[in-house]
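Naming convention: chains lettered A, B, ... in sequence-line order (proteins, then strands); numbering from 1 in each chain.
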Protein chains: 2
Amino acid sequence: MSNTFWNDPIVQSNMKTGATIQDIAAAAGVSKSTVSLVLQHSPKIKAETAEKVREAARALGYVYNRGAANLRGGRSTTIGMVINDLTNPFFVELLVAIERVLAQSGYTTLMAHTAESVATQTRVLQSMREQNVAGLIMSPALGTPDDMPSEIASWGIPLVLAMRPMGPDVDTVGVDNNVGFALATEHLIQQGHTRIAFVGNRAGYAVANERRQGYLSAMARHDLAVADEWIVDVELTPEGGRKAVRAIFDMKHRPTAAVCYNDQVAIGVLHELDRMGKRAGKALAVVGCDNVVAAEHTNPPLTTLSAGAERLGAKASEILLNRIASLPSVSGPPIQYLVKPSLVVRESSIGIPTRAPKAFAQ
Amino acid sequence: MSNTFWNDPIVQSNMKTGATIQDIAAAAGVSKSTVSLVLQHSPKIKAETAEKVREAARALGYVYNRGAANLRGGRSTTIGMVINDLTNPFFVELLVAIERVLAQSGYTTLMAHTAESVATQTRVLQSMREQNVAGLIMSPALGTPDDMPSEIASWGIPLVLAMRPMGPDVDTVGVDNNVGFALATEHLIQQGHTRIAFVGNRAGYAVANERRQGYLSAMARHDLAVADEWIVDVELTPEGGRKAVRAIFDMKHRPTAAVCYNDQVAIGVLHELDRMGKRAGKALAVVGCDNVVAAEHTNPPLTTLSAGAERLGAKASEILLNRIASLPSVSGPPIQYLVKPSLVVRESSIGIPTRAPKAFAQ
DNA sequence: CTGAAAGCGCTTACAG
DNA sequence: CTGAAAGCGCTTACAG
């Protein structure tokens, strides 16, 4: 086991297996029941007894075994979080916000990343179910089957969707994409643009449809025609954004502005413009969506829609915790919490440095 | 419970509490023991019996209760991951890599974020201990007390540190910062620079010391003097990088190049240069560290040190899984897996666009 | 090849 | 205010 030729890494190899409430009971001269109640801060136990028990627990280096408690009590204090894309900083900000709120409420977060794979997502959900999670927050992978929410419901596990709605019967936290993208488009129109592209089309996916629709409705409202080629179908990545710029500069009736699906795409757009020796805001006005932290530090800084990952994450946690608290009954109608985004105007859409970025509320 | 004024969200409120192995045993006409063995794919059970049991399990919609199994079996299949800073994409890439490897090995990842708070970290570790994690991977918060690793060892939980070493007795996965920053500095010297700044000094922290030391050793090796003010002490954030640029352009003997603590800082440097109407690579050659995905899409693209978050994460998981497998004994000497970073050269350090970035191995 | 029994560490009625 | 007893869902020797 130990070897004379090296120093073992500091791992306590033959620990006495941890103390249990049984050991505490013996040490304190009371019963297991009493120890358990003390640990739960029950008012039923006399203060002196409680103190004696706590003292014994301390002396024995006792560690509460939450798994055992959950098994016996029929509860669970872990919550599963399933994220489709952690390479997008927006989802990381969301994750951090959720983890913080849940931790404050005494819950532990099981984290899983699907990388937009439905197969991975299925596996991960199965695993979380076996881990007996008390609830799930999920940003579903693209292509998730429509019946996934009701399948999860049949497991008896409350579910809150984040950012990607799947119908009115599922608790959801997200963004009013239609309103947001109309706002972004209006901003560009107000800057005098009439030929405006939409970059990052993904026909068939709800969120993409809403965003495109918001853009189209603003264009229509101002009687601005939209050429087919202006709806640029590229991947929702920086690389997609770069490709879109090349496409745009090949068009005969070239747009002078572009609304991007999200900041990831917009960052690619900014990058390709720079590589071509062009300046965003001059050669092409650019607007993104999500207001990731990095959007403040792009060159030039990126104008973008903001809904507040922090707030959305907190709301998702709150809804889920309420559902869990009311089990086994259901505490009210399905909740669709949709934030109307505001526009954070920076240089990428207006061509001159703004020293004090203004947030225009919708 | 149900209300006539709204459609309840689809949450199964009065689920029959899930089937257990007991139920399966009854349905299949065998004992609990047999069911348990079938579930573990034991070769001791006859194929026909196993099939009959599996059939019954399927019919009852049985879900394995991993918590109960772990309690009885004295094992644990969850691993805790404690990350100091998820706003830095490098750590996200690391997290994703680790989570993927652990999931493949049948482990579930408990995730926690400390935001560099030692107090939060202490709380989080306590919670993971109560959750009975089988092991811990941790990127410790700045200012973590030196005895934290031995404290965790005394709990009997294997620990692997990531990116931030805490002495030779603790299993660690990380980067040879000294070698890396010497390499980065040499690169700038080869470009003809003689006045080179180091941006992002944090005296007293091991990693910062190593990085500064690597820079200083390269300068010394080429007999280049280093003015005190060139060691720029700023926060390790984009904002810190911006501040550093302002400081540098106020110096009388102004440096013409800067080695940055990490990509986050470098991105701030690039940004402030742009705001001042200057071009990185021309006005100031810039090198970062981490090779985050975004470094490829900055304007101009960022030259940076790369150690491969993917590889580091995989290695950390592998080391931890080996330690767990060998418990309660210790499988060998402490492991210090230090990657020698390579330099990915892009435009920010050379002033002209590189179409095909080359990676110079150390 | 399969079953009966004990027990992982805790909580929760139920008595007293 | 405290204790004895049952049991959460599983695994693991031990018999047969």
Handout entry: Length of the NZ-P vector between A/Lys32 and D/dA5, whole Å
Key = 11 Å
Fill in the blank from the handout: pair_partner(D/dA13), Watson-Crick or wobble, both distances < 3.5 Å, evaluates to none
Problem - First of A/Ile45 and B/Thr20 reached from the 5' end of DNA chain D, by closest nucleotide - result: A/Ile45
Exercise for the section: Check the distance between C/dG9's P and B/Gln131's CD and give it to me in whole angstrom. Expected result: 17 Å
Handout entry: Heavy-atom closest pair, residues B/Ala69 and B/Tyr64
Key = CB-OH, 3.1 Å
Exercise for the section: Give the rounded distance in Å between these two atoms: CD1 of B/Ile24 and C1' of D/dT11. Expected result: 14 Å
Exercise for the section: Ignoring backbone atoms, establish whether A/Ser33 has a side-chain N or O less than 4.0 Å from OP1 or OP2 of D/dG3. Expected result: no
Problem - Proximity to the side chain of A/Leu71 - top-ranked nucleotide from C/dT11, C/dA5, C/dG9 - result: C/dG9
Handout entry: Side chain of A/Tyr64 (C-beta onward), nearest among C/dC10, D/dG9, C/dT2
Key = C/dC10
Exercise for the section: Would you indicate, yes or no, if D/dT11 has its OP1 or OP2 atom less than 4.0 angstrom from a side-chain nitrogen or oxygen of B/Arg66? Expected result: no
Exercise for the section: To the nearest Å, give me how far apart CG (A/Leu39) and P (C/dT11) are. Expected result: 7 Å
Practice task
Determine: side-chain N/O of A/Ser31 to OP1/OP2 of D/dG3, distance under 4.0 Å, yes or no.
Solution key: yes
Problem - Within-4.5 Å side-chain heavy-atom neighbours: B/Met148 and B/Met138 - result: yes
Handout entry: Check: A/Val133 and A/Thr78 side chains under 4.5 Å, non-hydrogen atoms
Key = yes
Completion exercise
In whole angstroms, the gap separating P of C/dG3 from CG of B/Leu37 amounts to 10 Å
Handout entry: Base D/dG7 to side chain A/Arg72, donor-acceptor N/O within 3.5 Å cut-off
Key = yes
Problem - Closest to the B/Asn65 side chain, choosing from D/dC10, D/dG3, C/dT11 - result: D/dC10
Problem - N-O pairing of B/Arg129 and B/Glu151 below 4.0 Å - result: no
Practice task
Answer yes or no: is there a side-chain heavy-atom contact under 4.5 Å between A/Arg311 and A/Lys315?
Solution key: no
Practice task
Select base, sugar-phosphate, or nothing to describe what A/Gln40 touches, counting heavy atoms under 4.0 Å on all strands.
Solution key: sugar-phosphate
Problem - Counter-base of D/dA4, judged by Watson-Crick or G-U geometry with both distances under 3.5 Å - result: none
Practice task
In whole angstrom, give the distance that lies between atom NE2 of B/His41 and atom C1' of D/dT11.
Solution key: 16 Å
Practice task
Round to the nearest Å and state the distance from B/Asn70 atom CG to C/dG9 atom C1'.
Solution key: 13 Å
Problem - Ionic contact status for A/Glu55 with A/Lys52, cut-off 4.0 Å - result: no
Exercise for the section: Establish, with yes or no, whether the OP1 or OP2 oxygen of C/dG3 is under 4.0 angstrom from a side-chain nitrogen or oxygen of B/Thr34. Expected result: yes
Practice task
Using atom NZ of B/Lys44 as one end and atom C1' of C/dG3 as the other, report the distance to the nearest whole Å.
Solution key: 13 Å
Problem - From D/dT2, C/dC1, C/dC10, nucleotide with atom closest to B/Lys46 side chain - result: C/dC1
